[in-house]
K.L.:
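For reference, the structure I am asking about is given below.
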Amino acid sequence: MSELTDRVAFLRGLAEGLQLDESKQESKLILKMLDVMDEMAKDNDDLHKAIDELNEYVESIDEDLSDMEEDIYGDASDDDKDGDKDDDDEDDDDEEDDRTVEYACPYCGEVMVFDVERFDFDEDYLCPNCHKPLFPEDADEDEDEENEDN
């Protein structure tokens, strides 16, 4: 039993000790409130049990996933011991990723990758797929071009 269930039982005992007359409205109200509180306490206990079971299940899934990751990718400490992974190589890869930007054509959705260091803001880039400007200068121009196509 939980503390809440114990407290409701204590209140029920107090009410019985008062020998409430069920013909009076106040007594009926108090007894009905105790019934509701008792149900709520039992439901609360059931919820806590369900949560505990779910937590155990999630922990077992987490352990299984860790085992599976270890089987598939190997132990990270093994890589460090064998010297297979070089931290400098990982840093270089991260830096390369930071120097490129992917951009989708606003007309056809074709995705292009641009090198940030070599990007020329003065150049008019055209989509290799639909041959329309990738970076239109004005939104009104976009609408005009679309209306011309229709």
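FYI, the numbering just counts along the sequence from 1.
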K.L.:
Output the rest of the hydrophobic cluster of Met40: all Ile, Leu, Val, Met, Phe, Trp and Tyr residues reachable through side-chain heavy-atom contacts under 4.5 Å, sorted by chain and number.
P.N.:
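Via sub-4.5 Å side-chain contacts, Met40 links to Val36.
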
K.L.:
Quick one: list whatever passes side-chain contact (heavy atoms from CB on, under 4.5 Å) with Leu47, sequence neighbours left out.
P.N.:
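side-chain contact (heavy atoms from CB on, under 4.5 Å) check on Leu47 returns nothing, list empty.
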
K.L.:
Quick one: CG on Leu31 to CG on Leu18, what's the gap to the nearest 0.5 Å?
P.N.:
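These two atoms lie 10.0 Å from each other.
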
K.L.:
Of all residues at least two apart in sequence or in a different chain, which pass the side-chain contact (heavy atoms from CB on, under 4.5 Å) check with Glu110?
P.N.:
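With neighbours one apart ignored, the set is Cys105, Cys108, Met112, Cys127, Asn129.
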
K.L.:
How about Thr100 and Val116: do any of their side-chain heavy atoms sit closer than 4.5 Å?
P.N.:
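No, side chains not in contact.
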
K.L.:
Under the side-chain contact (heavy atoms from CB on, under 4.5 Å) rule, what do Asp45 and Thr5 come out as? Steps first, then yes or no, please.
P.N.:
CA-CA 8 Å; Asp45 285 344; Thr5 308; 2.7 Å; yes

K.L.:
In the hydrophobic clustering (ILVMFWY, side-chain contacts below 4.5 Å, transitive), which residues join Val58, or is it alone?
P.N.:
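Direct or chained contacts put Val58 with none.
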
K.L.:
Applying side-chain hydrogen bond (donor to acceptor under 3.5 Å, both in side chains), name anything that partners Asp35, two or more places apart in sequence or on another chain.
P.N.:
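For Asp35 the side-chain hydrogen bond (donor to acceptor under 3.5 Å, both in side chains) partners, ignoring immediate neighbours, are Arg12.
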
K.L.:
Applying salt bridge (Lys or Arg N to Asp or Glu O under 4.0 Å), name anything that partners Asp124, two or more places apart in sequence or on another chain.
P.N.:
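Applying salt bridge (Lys or Arg N to Asp or Glu O under 4.0 Å) to Asp124 gives none.
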
K.L.:
I'd like to check the side-chain contact (heavy atoms from CB on, under 4.5 Å) partners of Leu126; sequence neighbours left out, ordered by chain and number.
P.N.:
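Leu126 satisfies side-chain contact (heavy atoms from CB on, under 4.5 Å) with Pro133 only.
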
K.L.:
Which residue pairs pass the side-chain hydrogen bond (donor to acceptor under 3.5 Å, both in side chains) test with at least one member in residues 48-60, sequence neighbours excluded?
P.N.:
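Non-adjacent pairs meeting side-chain hydrogen bond (donor to acceptor under 3.5 Å, both in side chains): Asn44-His48.
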
K.L.:
Tell me every residue that passes side-chain contact (heavy atoms from CB on, under 4.5 Å) with Glu102, counting only those two or more places apart in sequence or in another chain.
P.N.:
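Per chain and number, Glu102 pairs via side-chain contact (heavy atoms from CB on, under 4.5 Å) with Val111, Val113.
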
K.L.:
Is a salt bridge present between Asp38 and Lys42, judged by a nitrogen-to-oxygen distance below 4.0 Å?
P.N.:
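Looking at Lys42 together with Asp38, the answer is yes, because their closest N to O distance falls below 4.0 Å.
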
K.L.:
Residues sharing Met33's hydrophobic cluster, by side-chain heavy-atom contacts under 4.5 Å among ILVMFWY, directly or via others?
P.N.:
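Grouped by the 4.5 Å side-chain rule, Leu29 form the rest of the cluster around Met33.
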
K.L.:
Does Arg7 have any side-chain hydrogen bond (donor to acceptor under 3.5 Å, both in side chains) partners at least two apart in sequence or in another chain, and if so, which?
P.N.:
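Arg7: no side-chain hydrogen bond (donor to acceptor under 3.5 Å, both in side chains) contacts found.
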
K.L.:
Between Tyr107 and Leu134, is there a donor-acceptor pair closer than 3.5 Å when you use the side chain of the first and the backbone of the second?
P.N.:
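No; zero donor-acceptor contacts below 3.5 Å.
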
K.L.:
With sequence neighbours excluded, tell me which residues meet ring-ring contact (aromatic ring centres under 6.0 Å, His included) with Tyr125.
P.N.:
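By the ring-ring contact (aromatic ring centres under 6.0 Å, His included) rule, Tyr125 matches Phe114, Phe119.
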
K.L.:
When rounded to the nearest 0.5 angstrom, what distance separates CG in Leu54 from CD1 in Ile61?
P.N.:
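Going from the CG atom of Leu54 to the CD1 atom of Ile61 covers 9.5 Å.
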
K.L.:
Going only through I, L, V, M, F, W and Y residues with side-chain contacts under 4.5 Å, is there a path from Leu4 to Leu11?
P.N.:
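Cluster IDs for Leu4 and Leu11 differ.
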
K.L.:
Distance from Leu34 atom CG to Glu16 atom CD, nearest 0.5 Å?
P.N.:
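Those atoms lie 9.0 Å apart.
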
K.L.:
Nearest 0.5 Å, please: how far is CD in Glu3 from CG in Asp6?
P.N.:
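Rounded to the nearest 0.5 Å, the CG-CD separation comes to 7.5 Å.
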
K.L.:
Just wondering, are more than 12 heavy atoms of other shown residues or ligands nearer than 6.0 Å to CD in Glu123?
P.N.:
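Atom CD in Glu123 is packed in, count exceeds 12.
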
K.L.:
Got Glu69 and Leu65 here, is their nearest side-chain heavy-atom distance under 4.5 Å?
P.N.:
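Side chain of Glu69 against side chain of Leu65, heavy atoms only: contact under 4.5 Å found.
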
